[in-house]
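Each remark here refers to the structure printed beneath this line.
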Amino acid sequence: MGSSGSRASQIPDADSLRRETGFSQACLLRLHRRFQNLDSNKKGYLSRVDLQQIGALAVNPLGDRIIDSFFPEGNLRVDFPGFVRVLAHFRPVDDEGTRTRGPDEPEPFNSRMNKLRFAFQLYDLDRDGKISQQEMLQVLRLMVGVQVTEEQLESIADRTVQEADDDGDGAVSFLEFAKSLEKMDIEQKMSIRILK
């Protein structure tokens with residue numbers, strides 16, 4: 001019992017990280033151990049190479065795009081708080097997540113809108129706030145590989161963008177993206193149960 005509390009003290013700003021991300025103390029401790037295992041050289045941060053050791057990302061067709069999300073604005077390192085903030089997007093939504101927030105409280109990382117924002121940025125390769133047909137095609141190539149012909153992929157990408165593009169500008173904005181996924185249970189599809 002005492003050892004758990006002492007290990008929590010090894011985590012910088014553990015209380016504020018718990019409030020910010022919604023992770024329990026036990027989950028933060030598990031994530032901290034995972035972070036330390038990935039940081040095999042004990043640098044205090046992770047690089048892309050460190051994150052590429054995660055087997056689930058290595059086999060995920062969007063693994064490189066997910067790894068990119070740990071390094072905003074071209075950063076080459078992610079510290080523990082940054083690591084946890086990204087993973088918080090994948091925290092399952094629970095009953096306490098439906099409580100009313102105060103006006104000064106930020107929207108939880110694992111809210112529907114933040115999960116959608118996270119997913120959107122996986123497709124918005126040039127980070128211009130829109131998903132073009134070309135970006136959709138690139139992501140589809142990653143996802144399906146050689147199982148579909150290039151002509152079929154182009155057709156799927158074109159049709160997907162056309163169906164979601166309400167304003168006719170040839171690209172999908174975040175609002176159009178969110179609207180096109182309004183019937184999808186994104187809260188569950190973008191959840192990793194071990195992150196409770």
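Start at 1 with the first residue, then count along the sequence.
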Check: F109 ring centre within less than 6.0 Å of F118 ring centre: no
If you measure from [atom1] on [X] to [atom2] on [Y], what distance do you get to the nearest 0.5 Å?
X: T160; Y: I131; atom1: OG1; atom2: CD1; result: 10.0 Å
X: F90; Y: K115; atom1: CZ; atom2: NZ; result: 7.5 Å
X: I11; Y: Q36; atom1: CD1; atom2: CD; result: 8.0 Å
X: L28; Y: R33; atom1: CG; atom2: CZ; result: 11.0 Å
X: Q52; Y: I67; atom1: CD; atom2: CD1; result: 5.0 Å

Below 4.5 Å, heavy atoms only, C-beta onward: do [X] and [Y] meet side chain to side chain?
X: Q121; Y: S69; answer: yes
X: L87; Y: F70; answer: yes
X: L17; Y: F23; answer: no
X: L76; Y: R48; answer: no
X: D169; Y: K130; answer: yes
X: Q133; Y: M136; answer: no
X: Q25; Y: L29; answer: yes

So does [Y] get a backbone contact from the side chain of [X], meaning a donor-acceptor N/O pair under 3.5 Å?
X: D166; Y: E176; value: no
X: D39; Y: G44; value: yes
X: N60; Y: L62; value: yes
X: N114; Y: P108; value: yes

So, for [X] and [Y], which heavy atoms are closest and what is the spacing to 0.1 Å?
X: V139; Y: Y123; value: CG1-CE2, 3.5 Å
X: K183; Y: R112; value: N-NH2, 4.4 Å
X: A164; Y: S180; value: CB-CB, 4.1 Å
X: L125; Y: E135; value: N-OE2, 3.0 Å
X: A119; Y: M190; value: CB-SD, 4.0 Å
X: A178; Y: L116; value: CB-CD1, 3.9 Å

All pairs passing salt bridge (charged side-chain N to carboxylate O under 4.0 Å, His left out) where residues 148-161 contributes a residue, at least two apart: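 The answer is R141-E150.
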Pairwise ring-ring contact (aromatic ring centres under 6.0 Å, His included) hits with a residue in residues 34-69, at least two apart: F35-F80, F35-F83
Salt bridge D124-R127, side-chain N to carboxylate O under 4.0 Å: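 A salt bridge is absent here (no side-chain N lies under 4.0 Å from a carboxylate O).
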Residues, nucleotides or ligands: over 12 heavy atoms within 6.0 Å of K43 NZ: yes
More than 12 heavy atoms from other groups under 6.0 Å of CG on D13: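 No, not enclosed.
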From I54, L51, L122, residue fulfilling side chain to side chain contact (heavy atoms under 4.5 Å, CB included) relative to I66: L122
Between R34 and N37: side-chain donor-acceptor atoms closer than 3.5 Å: no
